[in-house]
Amino acid sequence: MTITRFAPSPNGPLHLGHAFSAIVAHDRALRDGGEFLLRIEDIDGARSRPELAAEFRDDLGWLQLAYREVAPQSARIASYRTAANELRAMGILYPCTCTRAEVAAAAVAHGPDGPLYPGTCLRRGPVPGPNAAWRLDMEQAALLAGTLEWTDERHGRQIATPEEFGDVILWRKDAPASYHLAATVDDAADGVTHVTRGVDLFRATHIHRLLQHLLGLPVPIWHHHPVLVESDGRKLAKRRDAPALADRRRAGEDGRAVAAEVRATLFDTGISLSDAINQQA
Ligand code: GLU
């Protein structure tokens with residue numbers, strides 16, 4: 001059975017870009033008579049505002065998108081810990097005490113998410129302590145995994161190139177698991193068969209594919225949809241004051257009509273894959 005999910009982080013209200021993402025996932029599941037899940041990704045430390053989850057549920061109801069809610073990330077920390085322990089036992093996680101500023105100062109190359117970690121703590125050897133993050137030893141991990149492929153419904157077959165991210169953090173100092181580890185573990189636990197999300201996360205999938213291999217998890221199909229843009233071409237983002245769905249809902253707008261408009265007019269607009277990649281580069 002086809003299972004898709006919408007996985008918003010409650011660090012700001014949902015806007016039209018989220019409606020689009022939810023509709024893509026919902027309609028993709030519906031097309032196959034499958035199931036559409038809601039998962040609240042609420043482990044982003046200080047930025048997370050748990051009270052927003054209730055608004056998200058109301059927003060989806062207003063848009064007439066039927067969903068089944070699965071456990072929020074805050075209820076799944078034990079499973080992330082188990083996964084991290086598994087990677088640690090394989091000898092491919094190492095503790096890192098560098099600050100963001102230290103990494104930026106020492107980095108000699110940049111990846112899709114910013115400065116590549118220069119390996120300072122890998123060479124230093126284990127420095128146990130409560131204040132360490134845990135990084136993936138990407139070189140060792142990639143060696144173990146060999147060549148991996150994944151498939152995107154819109155963009156075809158891909159060869160995974162997680163090396164471009166360097167030694168990513170999988171366990172954070174200030175919050176439990178990183179997005180990469182948590183989302184990968186969750187999608188497997190939730191039985192997600194089609195991971196639908198914005199094309200701005202396309203490259204992150206290289207890391208997720210590697211983690212699936214290392215952790216022996218099933219491999220879904222991906223569907224990276226375009227990301228809505230504002231008239232000036234920039235990504236429609238909550239931090240830039242895009243109108244919140246909740247405000248439109250409270251103002252009495254018809255959610256079914258909003259969803260219909262999204263379906264009719266927005267499906268093939270927005271940032272393309274090449275634009276998303278250029279923007280990150
Ligand atoms: N929680 C992420 C966000 O709100 C989405 C992650 C995903 O769909 O994999 O941007």
Side-chain angles (χ1 to χ4, degrees), residues 3-26 28-29 36-50 52-53 55-57 59-60 65 67 69-77 80 83 112-113 150 152-155 162 165 168 170 172 175-212 217-229 235-240 242 244-246 270-271 273 276 279-280:
I3 299 183
T4 65
R5 87 306 194 267
F6 174 55
S9 304
N11 47 27
L14 300 187
H15 55 68
L16 209 57
H18 293 102
F20 176 68
S21 196
I23 288 171
V24 168
H26 171 271
R28 181 66 191 79
F36 168 59
L37 309 179
L38 168 66
R39 183 174 70 228
I40 304 293
E41 303 212 321
D42 57 349
I43 53 168
D44 194 0
R47 292 175 63 213
S48 207
R49 291 160 53 196
L52 284 175
E55 297 274 1
F56 292 3
R57 293 179 198 113
D59 290 340
L60 291 185
L65 304 178
Y67 62 88
E69 183 168 358
V70 292
Q73 290 193 324
S74 54
R76 305 186 191 215
I77 310 297
Y80 310 144
D113 277 349
W150 53 278
D152 182 290
E153 286 191 319
R154 294 178 55 95
H155 306 288
F165 286 85
V168 285
L170 293 187
R172 293 155 49 167
S178 75
Y179 156 66
H180 300 304
L181 185 65
T184 303
V185 168
D186 291 347
D187 283 335
D190 295 337
V192 173
T193 59
H194 292 67
V195 174
T196 60
R197 60 179 171 220
V199 75
D200 51 330
L201 287 168
F202 185 87
R203 281 173 149 181
T205 301
H206 293 312
I207 303 173
H208 302 180
R209 180 67 189 87
L210 173 64
L211 293 177
Q212 281 157 0
L217 301 176
V219 183
I221 293 169
W222 281 267
H223 178 117
H224 292 93
H225 59 72
V227 172
L228 295 194
V229 289
K235 184 181 159 190
L236 189 67
K238 41 197 163 193
R239 62 183 173 279
R240 299 188 55 231
L245 298 181
I271 300 183
L273 174 59
Q279 280 191 359
Q280 284 178 348

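Both ligands and their constituent atoms are indexed starting at 1 by order of listing. We count residues from 1, following the sequence as given.
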What I want to find out is whether D187 reaches R39 closely enough, with some N-O distance under 4.0 Å, to be called a salt bridge. yes
Could you tell me whether T196 and ligand 1 have an N or O pair separated by under 3.5 Å? no
Salt bridge check, R76 against D186: does any charged N sit closer than 4.0 Å to a carboxylate O? yes
Close approach of R5 to ligand 1, heavy atoms, under 4.0 angstrom: yes
Compute the minimum heavy-atom distance from Y179 to ligand 1 and say whether it is under 4.0 Å. yes
Run I77 and Y80 through side-chain contact (heavy atoms from CB on, under 4.5 Å) and show every step you take. CA-CA 5 Å; I77 310 297; Y80 310 144; 4.2 Å; yes
Heavy-atom contacts under 4.0 Å between P8 and ligand 1: side chain, backbone, both, or neither? backbone
Shortest non-hydrogen contact from P8 toward L14: CB-CD2, 4.0 Å
Ligand 1 N/O within reach of A7 N/O, cut-off under 3.5 Å: yes
Show the atoms of ligand 1 that are less than 4.0 angstrom away from any heavy atom in S9. 1 (N), 2 (C), 3 (C), 4 (O)
Could you give me the CA-CA distance, side-chain angles and deciding distance for F202 and H155, then say whether ring-ring contact (aromatic ring centres under 6.0 Å, His included) is met? CA-CA 10 Å; F202 185 87; H155 306 288; 5.5 Å; yes
I want to confirm something. Looking only at heavy atoms, which of Q73, E41, H180 is nearest to atom 1 (N) of ligand 1? E41
Gap between atom NE2 of H194 and atom OG1 of T4 - 0.5 Å precision: 9.0 Å
